[in-house]
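For reference, the structure discussed in these notes is given below.
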There are 2 protein chains.
Amino acid sequence: MTIGRTLESDPIEEARRQWIDHGWTAAADGMAAVTSIVRAQQIVLQRIDTVLRPLDLTFARYEILTLLSFTKRGSLPMTRMGALLQVHPTSVTSAVDRLESQGFVERLPHPKDRRAVLASITEAGRARALAATHALNGQVFEQLGITEHQINQLRTVLRALRANAGDF
Amino acid sequence: MTIGRTLESDPIEEARRQWIDHGWTAAADGMAAVTSIVRAQQIVLQRIDTVLRPLDLTFARYEILTLLSFTKRGSLPMTRMGALLQVHPTSVTSAVDRLESQGFVERLPHPKDRRAVLASITEAGRARALAATHALNGQVFEQLGITEHQINQLRTVLRALRANAGDF
DNA sequence: CCCAGAAACACGGATATCCTAATATTTGTC
DNA sequence: GACAAATATTAGGATATCCGTGTTTCTGGG
């Protein structure tokens with residue numbers, strides 16, 4: 001599962017030093033922060049996929065199932081899910097295709113708008129989503145390896161970044 | 001470029017509230033932090049791709065070019081690059097395939113180990129990498145929309161996370 | 001010293017995912 | 001009622017990962 005052997009030093013810190021040595025000092029910290037985000041996402045997504053693979057789910061499909069399970073009727077229009085989860089409409093289509101073939105979701109016609117399609121979670125979908133959440137909680141979300149204080153720093157800073165990007 | 005319309009509230013904060021309401025309090029902050037990392041990566045990678053597209057580069061290929069430009073001889077064994085950039089060997093192969101077809105990199109035989117292949121950056125590759133770095137510095141790395149203090153918090157916390165994952 | 005087995009290296013094929021562009025249908029608006 | 005916008009889908013390109021293969025190098029027992 002691990003990609004390479006252990007490295008002698010932090011490659012991101014080394015890149016940051018290179019930036020400074022080349023005179024790009026104003027961008028050095030930002031470059032290091034961005035690269036850290038990309039790498040951290042690889043790490044957590046790899047852990048998530050490892051936990052989710054035995055359950056035949058990916059993170060994208062897990063997010064859809066969990067979102068649907070939180071709604072009152074267990075269903076949402078496709079476009080609405082794309083907006084809430086910040087993914088492209090085509091990604092929603094392909095993910096729902098797979099979830100439907102797995103029996104976790106079914107497509108229903110929208111009662112008011114004949115253009116729209118409702119994705120509705122099934123009982124099997126609810127059960128699988130719950131099992132996945134319990135596995136992720138215990139094996140990923142409660143095991144990040146950083147302090148509670150650091151977790152909250154992360155949430156706060158990234159919320160500022162997301163807000164600046166127009167996320168909400 | 002933006003995916004959906006502006007949302008009324010922070011969807012991650014809403015998910016965190018759902019976690020607490022369901023009694024998964026111990027995992028709520030970790031879930032929010034992980035989801036924030038995933039979303040933040042989407043945001044920064046989208047900005048990076050927008051800047052790099054006119055230069056016919058992706059972030060993965062840009063990283064390879066920049067890494068090579070930082071070495072003394074401008075060349076590295078394929079496996080070594082995979083280890084430094086934390087990507088799979090097959091990803092290195094396909095990225096170098098494309099860079100070679102673009103004329104930014106050439107494959108050379110390793111002088112000592114006939115199994116290995118050296119990827120060597122060309123002059124065109126150096127020029128393109130430099131142009132890309134200047135564009136990314138000005139349009140992404142210096143424009144994150146968060147304070148310098150927050151940038152450094154991010155670096156520190158994510159370094160702890162990466163160290164815990166065995167990155168270095 | 002020698003040689004058989006293990007490990008490392010790069011690549012090709014198959015699969016899954018995401019994004020872009022284009023399309024058909026339906027709804028809303030002036 | 002004509003025209004613009006929204007909705008979901010399909011098709012195509014690019015990327016990343018998993019698995020297996022052929023070649024080369026390393027290692028350890030004889």
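So that the names make sense, note that chain A is the first sequence line, chain B the second, and so on, each numbered from 1.
- Listed candidates were dT17(D), dC11(C), dA8(C). Nearest to the side chain of Arg107(B) is dC11(C).
- For His88(B) and dA8(C), the NE2 to P distance is 15 Å, given to the nearest whole Å.
- Defined by atom type and a distance below 3.5 Å, a donor-acceptor pair is missing between the side-chain atoms of Trp19(B) and Asp29(B).
- Arg80(A) has no side-chain polar atom (N or O) that falls below the 4.0 Å cut-off from OP1 or OP2 of dT7(D).
- Ion pairing between a basic and an acidic side chain is recognised when a charged N comes within 4.0 Å of a carboxylate O; Arg16(A) and Glu13(A) show such pairing.
- Here Arg115(B) does not reach the OP1 or OP2 of dC26(D): none of its side-chain N or O atoms lies under 4.0 Å away.
- One interatomic measurement links the two molecules: CD of Gln41(B) to C1' of dT15(D), which rounds to 13 Å at whole-angstrom precision.
- Taking 4.0 angstrom as the limit, Arg98(B) places a side-chain polar atom (N or O) nearer than this to OP1 or OP2 of dT15(D).
- Within a 6.0 Å sphere centred on CZ of Arg107(A), heavy atoms belonging to other residues, nucleotides or ligands number more than 12.
- Across the protein-nucleic acid pair, Leu99(B) atom CG and dT15(D) atom C1' stand 13 Å apart, rounded to whole Å.
- Residues Arg61(A) and Thr90(B) each lie close to DNA chain C; by heavy-atom proximity, the contact nearer the 5' end of the strand is made by Thr90(B).
- Across all strands, Thr93(A) comes closer than 4.0 Å to base atoms (heavy-atom distances).
- Nucleic acid contact for Ala95(B): none, since no nucleic acid atom lies under 4.0 Å from a heavy atom of the residue.
- Atom CG of Leu45(A) is separated from atom C1' of dT15(D) by 15 Å (rounded to the nearest Å).
- Rounded to an integer number of Å, the gap from CG of Leu85(A) to P of dT17(C) is 15 Å.
- The pair Arg61(B)-Asp56(B) does not meet the salt-bridge criterion, since no charged nitrogen lies less than 4.0 angstrom from a carboxylate oxygen.
- Residue contacts shown for Asp113(B) are limited to sugar-phosphate atoms, with no base heavy atom under 4.0 Å away.
- Regarding contacts with the backbone of dT17(D), a side-chain N or O of Ser91(B) is found under 4.0 angstrom from either OP1 or OP2.
- Between dC26(D) and Arg114(B), no contact under 4.0 Å exists linking OP1 or OP2 to a side-chain N or O.
- Asp97(B) has its CG atom 12 Å from the P atom of dG13(C), to the nearest Å.
- If you check every strand for non-hydrogen atoms under 4.0 Å, Thr58(A) touches sugar and phosphate atoms only.
- For the pair Gln102(B) CD and dA14(D) P, the interatomic distance rounds to 10 Å; values are reported in whole Å.
- Here the side chains of Glu63(B) and Met81(B) are not in contact, with every heavy-atom distance at 4.5 Å or above.
- Spacing between atom CE of Met81(A) and atom P of dA6(D) amounts to 19 Å, rounded to whole angstrom units.
- DNA chain C is contacted by both Lys112(A) and Ala116(B); Ala116(B) maps to the nucleotide lying nearer its 5′ end (nearest heavy atom per residue).
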